[in-house]
Amino acid sequence: MEKPYVLASKPGGRDGIFEEFAAIIEKHFTIVCNEEFVKSNKQFADKIEAVFVWSCLPNTDRGLLQSLPNLKVVVNGGVGVDHLDIPLISSFGVKVANTPNVVDNATADLGMTLLLASARRLVDGYKIAMAPSHVPQSFMGCEVSGATLGIVGMGRIGYKIAQRARGFDMKVLYHNRNRRTEEEENTVGAQYCEKIDDLLRESDFVMLAVNLSPQTHKLIGKRELNLMKPTGTLVNISRGLVVDQDALVEALQKGVIHAAALDVTYPEPLPRDHPLLKLQNVLILPHIGTSTYQTTQNMVERMVTNALAALSGSPVPDEVKP
Ligand SMILES: O=CC(=O)O
């Protein structure tokens, strides 16, 4: 029997890097790659029943949705679905799913990686080791043990960050729409800040772990950066647009805050002449929060589970409702 068709940006990942994960999809589906689809003049359009997308790749637009009459589901690899126009997709009778839970550990690990690498000036140290003639006057870092970490957004990922920070003897503050239970707070030793301003004032490291939504769009702007300690570091593992990037550049240039460590920016990647790329006190990664072999495999497996459920008319485990 012919397998159902799925349109994928590339089998299992971005830019074809993760071809090895295609086999997981191909057990159940025939993969049509975007490029192949476009080149073939949309020859497979009638057959495609699912679209696989990734958080950092372009959107499914109206034109695409109109060209796929038998589409049943758009499955996102990753938890954030801010790049998808869910009301538009739903208006075509198409379901949307994401892959929460499976991304939490890898994303929290990367948050701590950024915090530690920025605090201990990992990249500066690496450059010195590679070119020992170039020794800057000072390459002292900031102490992480005993420092205060303020987590903005205490969902699954925020909570995992708090668990990890405890292992570094950090004092943990958090701000979230809903307060965690006392037991949950005690387990990770986290203190609730009802007002984000208090968290910003008191933290040595501020870690952003919120979803991007109208409520969190440019949540951290000039006013918030001014509340942070001049010795403070901003770590962003959520979405670039949670921070007003122009205000961040200014704050970093003027020493309003000490440093920033970012896995996410807008746009991604940044244009080569972007001022953030010229600053010494910024560490930038190319949105790799979930990029481990295990997590990517788990994501692809979960994408397949969601797609199969949608195609068979069963409840979709990770459906994202409009
Ligand atoms: O960015 C990664 C995700 O949304 O999971």
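Counting starts at 1 for both ligands and their atoms, in listed order. As the structure is a prediction and not an experimental result, all values here were calculated from the model.
Note: Phe29 and Tyr5 fail the aromatic proximity criterion, with ring centroids not under 6.0 Å apart.
Remark: side-chain polar atoms of Glu36 are paired, donor with acceptor, to backbone N or O of Cys33 under 3.5 angstrom.
With a heavy-atom cut-off of 4.0 Å, Met299 does not touch ligand 1 at all. Contact annotation: for Thr290 versus ligand 1, heavy atoms closer than 4.0 Å belong to the side chain alone.
For the side chain to side chain contact (heavy atoms under 4.5 Å, CB included) with Gln245, the lone residue among Leu262, Thr265, Ile220 that qualifies is Thr265.
A salt bridge links Asp318 with Arg302; the closest basic N to acidic carboxylate O contact falls under 4.0 Å.
For ligand 1, the atoms closer than 4.0 angstrom to any heavy atom of Gly78 are 3 (C), 5 (O). Set against the non-hydrogen atoms of Arg239, the atoms of ligand 1 under 4.0 Å away are 1 (O), 2 (C), 3 (C), 4 (O). Taking every heavy atom of His287 and a limit of under 4.0 angstrom, the matching atoms of ligand 1 come to 1 (O), 2 (C).
Checking only distances, Val79 does come within under 3.5 Å of ligand 1, N or O to N or O. Considering both main-chain and side-chain atoms, Gly80 comes within under 3.5 Å of ligand 1 through a nitrogen or oxygen pair.
For the atom pair CG (Asp197) and CE (Met228), the distance works out to 12.5 Å, reported to the nearest 0.5 Å.
In summary, the side chains of His83 and Asn76 do present a donor paired with an acceptor at a separation below 3.5 Å, with no hydrogens or angles considered.
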